[in-house]
Amino acid sequence: MTDDHRDLAEIARATRRYLERERAAGRGDLIADAVAKTKTKAKTPAREDAKAPARESAKAPIKVQIRPPSQEEGREPLAVRLEPFPAPGNVTAKRTNLFGEEEAMPAPAPVIEVIEVAKTAPSPLDVFDDDLNPGGLDARKTLAADAIAVLDQVAAEVCACTQCGLCDTRTKAVPGVGTARSGIVFVGEAPGADEDRLGEPFVGRAGQLLDKIIKAMDEAQLIPNLPLDRSTVYICNVLKCRPPENRNPLPHEIEVCSPYLKRQLVAIQPRIICCLGKFAAELLVGVKGTIGGLRGKVYRYQGAKLIVTYHPAACLRNPAYKRPVWEDMQLLAREYLSD
């Protein structure tokens, strides 16, 4: 027996075993219907001018979707893909028969492969664990309501704070904005000129880019059934006042201002934190390094997951950072949905 014959025999045996298993499981009728439909299509005569396209399409897999069974039927949804061999007119393979004569190899029966159909993307209500910081969205609804009083208290203290020299040069303090409802927190570096004027974080050009990033996450449904915009996440900075000329935060400024951020995080109990830029990353991750070296990993901050990405202002200076930022947002979504 040649290698080709052995391969065909093995395919036949595998197909027979599969059909026997499916028949025993009660799914034989579904597969038979799919095969019958495919054979009917194959026998339909084609016009002379349509032969070439038909032969081309015969080489492509045919995927037959079978109606997903109801829950009462107690079976997983199935799809059957039939991989037909080229039409007889295109068969060029030959074999030597028992008499030493060459003859065209007959086309074997289609190979049937059963594919599990992907289920609908799970809702966050389904994937949350009540033991996982802090649980489902129902639990977060209560938590978000309780967090309001603490966040308001922190905001009042920030607006009255005089612990460092930034209080002398600020126009408005910038405590933070948003809600604890989703459990997603974005932490930046410090307010800029627009933020200092309006008293709200991320409202300048970098903030507009952050809004676009969050909107893109929502439009791509990275987290199904969870609307994403500025009103459904929490956005804040390490420093609550603008450093003059947008200079980098000084160590003593971070030291006296970071307790406000930490109290906000305790109140929110985030499911995941996204550090935007070097200063937020080094403070919350607890190690020094470059964003390129810190991103792409998942850290922990007091029970919450934490990821690091480039600050939107860095993306404005270097558009090449936008692609890795989008990859980081996909990582954020995956970690948000996983235990």
Side-chain angles (χ1 to χ4, degrees), residues 144 146-211 213-214 230-270 272-286 288 291 301-302 304 306-314 316:
D146 293 341
I148 293 175
V150 178
L151 295 175
D152 288 347
Q153 177 64 32
V154 172
E157 293 179 20
V158 164
C159 292
C161 180
T162 59
Q163 295 186 70
C164 72
L166 295 181
C167 62
D168 297 328
T169 58
R170 75 188 180 202
T171 302
K172 288 184 178 180
V174 186
V177 68
T179 177
R181 185 76 172 88
S182 66
I184 300 174
V185 178
F186 291 92
V187 182
E189 176 183 312
D194 292 309
E195 291 78 11
D196 178 69
R197 178 171 53 87
L198 298 174
E200 184 173 333
F202 285 91
V203 291
R205 290 182 62 226
Q208 292 167 15
L209 180 55
L210 178 60
D211 288 346
I213 292 170
I214 297 173
R230 286 180 71 91
S231 68
T232 60
V233 300
Y234 197 81
I235 304 173
C236 57
N237 286 299
V238 173
L239 294 192
K240 308 304 184 184
C241 297
R242 180 197 180 198
E245 304 302 324
N246 289 351
R247 62 164 170 76
N248 288 338
L250 299 177
H252 80 278
E253 293 168 348
I254 295 176
E255 182 180 358
V256 298
C257 204
S258 59
Y260 294 128
L261 169 62
K262 293 176 180 178
R263 286 169 59 193
Q264 288 172 321
L265 295 178
V266 169
I268 295 169
Q269 294 187 37
I272 193 163
I273 303 167
C274 180
C275 293
L276 303 171
K278 174 183 176 68
F279 290 93
E282 289 184 346
L283 174 66
L284 298 181
V285 176
K288 293 188 178 296
I291 297 301
Y301 178 83
Q302 296 183 354
L306 185 149
I307 69 165
V308 174
T309 194
Y310 294 100
H311 195 285
L316 294 176

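These numbers come from a predicted model, not from an experiment. No hydrogens, no waters, no symmetry mates; every other heavy atom, side chains included, goes into these values.
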(message) To the closest 0.5 Å, what do you measure between CZ (F186) and CG (N237)?
(response) 13.0 Å

(message) For a quick test of reading the model, state the closest non-hydrogen atom pair linking P312 to L209 and the distance between them.
(response) O-CD2, 3.5 Å

(message) If I take atom CG from residue L250 and atom SG from residue C257, how far apart are they, to the nearest 0.5 angstrom?
(response) 12.0 Å

(request) Could you tell me which non-hydrogen atom of V256 sits nearest to which non-hydrogen atom of C164, and how far apart they are? (result) CG2-CB, 4.0 Å

(message) For T169, is there any backbone N or O sitting under 3.5 Å from a side-chain donor or acceptor partner on R242?
(response) no

(request) Mind checking the CD1-CD1 spacing from I273 to I307? Nearest 0.5 Å is all I need. (result) 10.5 Å

(request) With sequence neighbours left out, write down each residue that passes side-chain hydrogen bond (donor to acceptor under 3.5 Å, both in side chains) with R230, or none if nothing qualifies. (result) E200, D211

(request) Might you point out which heavy atoms bring T162 and C167 nearest each other, and give the distance in Å? (result) CA-SG, 3.7 Å

(message) Set out, in order, the CA-CA distance, both residues' side-chain angles and the distance that settles side chain to side chain contact (heavy atoms under 4.5 Å, CB included) for R205 and D194, then state yes or no.
(response) CA-CA 9 Å; R205 290 182 62 226; D194 292 309; 5.9 Å; no

(message) Any side-chain to backbone donor/acceptor pair from Q264 onto P175? Under 3.5 Å, distance only.
(response) yes

(message) I'd like to know if the side chain of N246 reaches the main chain of G192, judged simply by a donor and an acceptor atom lying under 3.5 Å from each other, with no hydrogens or angles considered.
(response) no

(request) For residues L261 and C236, report the shortest heavy-atom separation together with the two atoms involved. (result) CD1-SG, 3.6 Å

(message) For the CD atom of E157 and the CD atom of Q163, what is their distance to the nearest 0.5 Å?
(response) 9.0 Å

(request) Taking the side chain as every heavy atom from C-beta outward, state whether V187 and L283 have any atom pair closer than 4.5 Å. (result) no

(request) Give, for atom OH of Y301 and atom CG of L306, the distance between the pair rounded to the nearest 0.5 Å. (result) 9.5 Å

(message) For a side chain to side chain contact (heavy atoms under 4.5 Å, CB included) check, start with the C-alpha distance between T232 and I214, then their side-chain angles and the critical distance, and finish with the verdict.
(response) CA-CA 10 Å; T232 60; I214 297 173; 5.8 Å; no

(request) Check the pair Y260 / C161 against side chain to side chain contact (heavy atoms under 4.5 Å, CB included), numbers first and verdict last. (result) CA-CA 10 Å; Y260 294 128; C161 180; 3.4 Å; yes

(message) Is there a side-chain contact between L284 and V308 in this structure, where contact means two heavy atoms from C-beta onward sitting under 4.5 Å apart?
(response) no

(request) Would you give the length of the straight line joining atom NE2 of H311 to atom NZ of K278, rounded to the nearest 0.5 angstrom? (result) 14.0 Å

(message) Just so I know, are the side chains of L265 and K262 near enough to count as touching, which here means a heavy-atom distance under 4.5 Å?
(response) no

(message) To check you understand the geometry: which heavy-atom pair defines the closest contact between Y310 and L276, and what is its length?
(response) O-CD2, 4.1 Å

(request) Taking E195 for its side chain and G204 for its backbone only, find out whether a donor-acceptor pair lies under 3.5 Å. (result) yes

(message) With a 4.5 Å cut-off on side-chain heavy atoms, are T171 and R197 touching?
(response) no

(request) For the residue pair V177 and S231, establish whether any side-chain heavy-atom pair is separated by less than 4.5 Å. (result) no

(request) Could you pull out the closest heavy-atom pair between I291 and G277, with the gap in Å? (result) CD1-C, 3.4 Å

(message) Please determine whether side chain to side chain contact (heavy atoms under 4.5 Å, CB included) holds for the pair I254 and L239, giving the CA-CA distance in whole Å, both sets of side-chain angles, and the decisive distance to 0.1 Å.
(response) CA-CA 6 Å; I254 295 176; L239 294 192; 4.3 Å; yes

